[in-house]
Number of protein chains: 2
Amino acid sequence: MNYGDVIATGRLEFVSSESIIDQYREKVDARLVTLLPSEETLPTELHQAIRYSALGTGKRLRPAITMAAAKACGADPLLALDAGCATELVHCFSLIHDDLPAIDNDDLRRGQPTCHKAYGEAIAILAGDALFALAFEILAHSIADPAKAQKSLLCLARASGSQGLVGGEVLDIQAEGQSGDMALLQTIHARKTGALLGACCEIGAIIAGATAEHQANLKQFGEQIGLAFQVADDVLNETSTPEQLGKAVGSDYAMAKLTYPSLIGLDNSKNLASELVTEALKLIEGLPGDASELKGLAEYAVIRDW
Amino acid sequence: MNYGDVIATGRLEFVSSESIIDQYREKVDARLVTLLPSEETLPTELHQAIRYSALGTGKRLRPAITMAAAKACGADPLLALDAGCATELVHCFSLIHDDLPAIDNDDLRRGQPTCHKAYGEAIAILAGDALFALAFEILAHSIADPAKAQKSLLCLARASGSQGLVGGEVLDIQAEGQSGDMALLQTIHARKTGALLGACCEIGAIIAGATAEHQANLKQFGEQIGLAFQVADDVLNETSTPEQLGKAVGSDYAMAKLTYPSLIGLDNSKNLASELVTEALKLIEGLPGDASELKGLAEYAVIRDW
């Protein structure tokens, strides 16, 4: 399937992906409220900053993908709800830290003041740390089978650390203002976005009791969708209105960030996203469960308001 | 036993505790070198900052206590070496973040420039994050029995997060320049120091396959030793030379930090540390293994160069 065509004609599928997102988001948001620590147990500002950052207006793509991966492997997606929430908290932690003045120095996130703008730098750093710890706590607590829990925790830790999310952010800030090529850009996004989405899919598969081969395929699927998603984000960062984006348009360009459009142009970037999704979808053929939602979420990565 | 007397007369025991520390530190330092990610896999600066902070001149008290707790429960302490390293990395992560300009703004740590002074704030924040993730990765990877791994990971996550280490740091910075009492000070240190030392002891016990009762007692033992250690640190912060301390003397006082000496005076603080250790030692009577090293480490908390 050529997603270039779908972008032009596929509004129905786009709406369908949106409704998958909405349906999971509702469950995830309700569960996050319960999983976050209660007011009595925390210093007030930390409690507020944690909820401000974790209960904002995010799409909850990572939990949706975690749950849809479990469903694609034949399990009830609700079995992976808490694990999905854990992946979302890792995402929230990384956004808070990336936005800090010393790193990306962003004032707006999802249309709202960033955590450090709202609560100060000290609380923002520590709220990020607290959410990161909470992700592991939730994952360790929520999976009944110890072997599945151990494996999921290993996945999440690897995807988050120096060879995943955090390492990708370091490469990203080092690339600012430097000349770079596609190889570097792919490495940055493989770590910064691909690793965690790969872990989401793998954890969903682990919880569902999928075979080792299906776990590996789903991991790779998530990694590729992560790349596609990042290409799409780079495109949106240049073509959207500030209202659509929730932050200043072209801000990556202003920071002299390495982006796909800056390297290969807008049209080639859209085609690349499409090809990545097409390739990724081959990896999830023949799973034992219903993979339609997982496919819908993959398509969501490229079929957006371009 | 009155540790007030021991402080005056017990040089032999002090030396003995030092040698326990030295003996474990050697094993831990050698193992940490192997457990930290290799140069080829990481951006150079991140690699350097991680090693700078994790392989510094720390006492490695947390790994020593983790291993000694396993020994006290009848296991080979080497079984808990990697888990001990994981607790040390959580400690390193928290020091890097606490030292940041937005938090404690410290220029020196263990006699060396703090991580952000050496590598800049962005790398320091992310090196801390990477060490935190690595701690969970090591713990998930190193414990063969999934049930023990899951339980240990839950312990470490709880001790690190908003109701442990991170929450304690928030209370600590909020208490600066405010009037406070012993209840607040105890809460700060129970979270900031006690929680992680409690987790060290509990994880050592879990790995050793100790009974639930022994696990609970060891956790409480670690929490109390953590408090004793913090009282001792407050005393040392006021009575040492800068060379002994590796940072400016009286810096806590200069920041108008709430400390034990500022609330109850130096002598009462020394006595409190002694009482906490005496009470703690009652909790580890009757363990199935050799608890002599664990006792020695507890004594080390109060028998220092006052």
Side-chain angles (χ1 to χ4, degrees), chain A residues 36-37 41-47 50 90 93-94 97 100-103 116 120-141 143 145-167 169-171 173-174, chain B residues 36-37 41-47 50 90 93-94 97 100-103 116 120-141 143 145-167 169-171 173-174:
Chain A
L36 295 178
T41 61
L42 292 194
T44 308
E45 270 193 299
L46 179 63
H47 178 260
I50 283 175
V90 170
F93 135 78
S94 78
H97 282 193
L100 287 167
I103 304 183
H116 65 272
E121 271 184 68
I123 292 292
I125 294 166
L126 296 166
D129 293 343
L131 287 171
F132 199 22
L134 183 60
F136 291 105
E137 182 180 336
I138 290 170
L139 202 54
H141 189 255
I143 302 178
D145 179 320
K148 290 180 183 178
Q150 181 179 22
K151 198 163 182 196
S152 298
L153 283 153
L154 187 57
C155 276
L156 190 66
R158 283 192 173 143
S160 311
S162 59
Q163 291 172 60
L165 206 48
V166 172
E169 181 62 23
V170 172
L171 288 173
I173 56 178
Q174 289 183 339
Chain B
L36 295 177
T41 61
L42 292 194
T44 308
E45 270 191 300
L46 179 63
H47 178 260
I50 283 175
V90 170
F93 135 79
S94 78
H97 282 194
L100 287 167
I103 303 183
H116 66 272
E121 270 184 70
I123 292 291
I125 293 166
L126 295 167
D129 292 343
L131 287 170
F132 198 24
L134 184 60
F136 291 103
E137 183 180 336
I138 291 170
L139 202 54
H141 189 255
I143 302 177
D145 179 319
K148 289 180 182 178
Q150 181 179 23
K151 197 162 182 197
S152 298
L153 283 154
L154 187 57
C155 276
L156 190 65
R158 283 192 174 143
S160 311
S162 60
Q163 291 171 61
L165 206 48
V166 172
E169 181 62 23
V170 172
L171 288 173
I173 56 178
Q174 289 183 339

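Proteins come first, then strands; the chains are lettered A, B, ... in the order of their sequence lines, and each starts at number 1. What you see below is based on every heavy atom in this structure, not just the backbone, and it leaves out hydrogens, waters and symmetry mates.
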Residue pairs meeting side-chain hydrogen bond (donor to acceptor under 3.5 Å, both in side chains), one or both in residues 155-165 of chain A, sequence neighbours left out, come to A:R158-B:E137
Taken in chain and number order and not counting sequence neighbours, the residues that satisfy side chain to side chain donor-acceptor pair (under 3.5 Å) with A:Q150 are none
Ranking A:K151, A:H141, A:H116 by heavy-atom pairs under 4.5 Å to chain B gives rank one to A:H141
Max heavy-atom pairs within cutoff under 4.5 Å with chain B, candidates A:L153, A:I173, A:D145, A:L42, goes to A:L42
Counting heavy-atom pairs under 4.5 angstrom with chain A, the leader among B:A140, B:G161, B:C155 is B:A140
Looking only at B:S94, B:A122, B:G120, most heavy-atom pairs under 4.5 Å shared with chain A are made by B:A122
d(B:F93 CZ, A:F132 CZ) to nearest 0.5 Å is 8.5 Å
So CD of A:E121 and CD1 of B:I103: to nearest 0.5 Å the spacing works out to 9.0 Å
Bottom line for A:H97: the part with an atom under 4.5 Å from chain B's heavy atoms is side chain
The interface call for A:L139 against chain B, heavy-atom contacts under 4.5 Å, is neither
Okay, B:L100 and chain A: the region with an atom under 4.5 Å from a heavy atom over there is side chain
The interface call for B:L131 against chain A, heavy-atom contacts under 4.5 Å, is neither
(Q) If you apply the rule side chain to side chain contact (heavy atoms under 4.5 Å, CB included), what do you find for B:L46 with A:L171, and how did you get there? (A) CA-CA 9 Å; B:L46 179 63; A:L171 288 173; over 6 Å; no
When every non-hydrogen atom of B:G167 is compared with those of A:P43, the smallest separation belongs to O-CG, 4.1 Å
Note: A:L126 and B:V166 closest approach over all heavy atoms is O-CG1, 3.2 Å
